[in-house]
Amino acid sequence: QVQLVESGGGLVQPGGSLRLSCAGSGRTFISSAMGWFRQAPGKEREFVAAIDWNSTNLHYTDSVKGRFTISRDNAKSTVYLQMNSLKPEDTAVYSCAAAPSIERVISKPPLVNYWGKGTLVTVSS
């Protein structure tokens, strides 16, 4: 059993930055691949970024490459998403997820075992 809780969302101006955190609990967290997904109103949930258990493999969707960075601190059981140069089209509820492998996180559809409830990011002037 893995429980995931996101934080760090809020209102930010275009061009600004936010850092999201996903705090995990459970014995399997340290060996899990993690991912960030987002969903805007009326849109399908989309993959944003993924990281494997030891941070050796990272994947990003094309629309956030060069702007977002995923990282993790296993000693703190926390995964982060640093978001820079934010655009209005980044507005969405951002959720983190856990799976046995990064291949499952980036598969279509994603094959994840656990989801957090999400945190809202609004990019607006």
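We number each residue from 1, following the sequence as shown. Quick note: numbers below take in every heavy atom, side chains included, and nothing from hydrogens, waters or symmetry partners. From a predicted model like this one, the values you see are computed outputs, not experimental measurements.
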Is there a path of hydrophobic side-chain contacts, each under 4.5 Å between heavy atoms, that joins Leu81 and Val2?
yes
Salt bridge (charged side-chain N to carboxylate O under 4.0 Å, His left out) involving Asp52 - partner list, sequence neighbours excluded
none
Under the side-chain contact (heavy atoms from CB on, under 4.5 Å) test, residues paired with Lys108 that sit two or more places apart
none
By side chain to side chain donor-acceptor pair (under 3.5 Å), which residues pair with Asn74, not counting sequence neighbours?
Arg72
Distance-only criterion, 3.5 Å: show the donor-acceptor pairs between side-chain atoms of residues 112-125 and protein atoms not counting sequence neighbours.
from	atom 1	to	atom 2	distance (Å)
Thr119	OG1	Gly9	N	3.2

Closest approach of Ile51 and Ser55, non-hydrogen atoms and distance?
CD1-OG, 3.5 Å
State whether the side chain of Tyr80 and the backbone N or O of Asp73 hold a donor-acceptor pair below 3.5 Å, judged by distance alone.
no
Spell out, yes or no, whether Tyr60 and Leu86 are grouped together once hydrophobic residues are joined by side-chain heavy atoms under 4.5 Å, including indirect joins.
yes
Flag if over 12 foreign heavy atoms under 6.0 Å of CZ, Arg67:
yes
When clusters are formed by joining ILVMFWY residues with side-chain heavy atoms under 4.5 Å apart, either directly or through shared neighbours, do Leu58 and Ile30 land in the same one?
no
For residues 35-95, pull every pair meeting disulfide (SG to SG under 2.5 Å), keeping only residues two or more places apart or in separate chains.
none
Got a second to check how far Leu20's CG is from Thr78's OG1, nearest 0.5 Å?
12.5 Å
Output the rest of the hydrophobic cluster of Trp53: all Ile, Leu, Val, Met, Phe, Trp and Tyr residues reachable through side-chain heavy-atom contacts under 4.5 Å, sorted by chain and number.
none
Please list, one pair per line, the donor and acceptor atoms closer than 3.5 Å that link side chains of residues 32-49 to other protein atoms, with sequence neighbours excluded.
from	atom 1	to	atom 2	distance (Å)
Ser32	OG	Thr28	O	2.8
Arg38	NE	Glu46	OE2	2.7
Arg38	NH1	Asp90	OD1	3.0
Arg38	NH1	Tyr94	OH	2.9
Arg38	NH2	Glu46	OE2	3.2
Arg38	NH2	Ser63	OG	3.4
Gln39	NE2	Lys43	O	3.1

Flag the pair Thr61 / Phe68 as yes when at least one side-chain heavy-atom distance between them is below 4.5 Å, and no otherwise.
no
Which heavy-atom pair separates Val105 from Ala50 by the least distance, and what is that distance?
CG1-CB, 3.6 Å
Out of curiosity, Gln82 CD to Leu18 CG, how far, rounded to the nearest 0.5 Å?
8.5 Å
Checking one residue: Leu111. Which other hydrophobic residues are in its cluster under the side-chain 4.5 Å linking rule?
none
Under the disulfide (SG to SG under 2.5 Å) rule, what pairs show up with a residue in residues 76-125, not counting sequence neighbours?
Cys22-Cys96
Tell me, which pairs form a side-chain hydrogen bond (donor to acceptor under 3.5 Å, both in side chains) where one or both residues lie in residues 6-24, sequence neighbours left out?
Ser17-Asn84
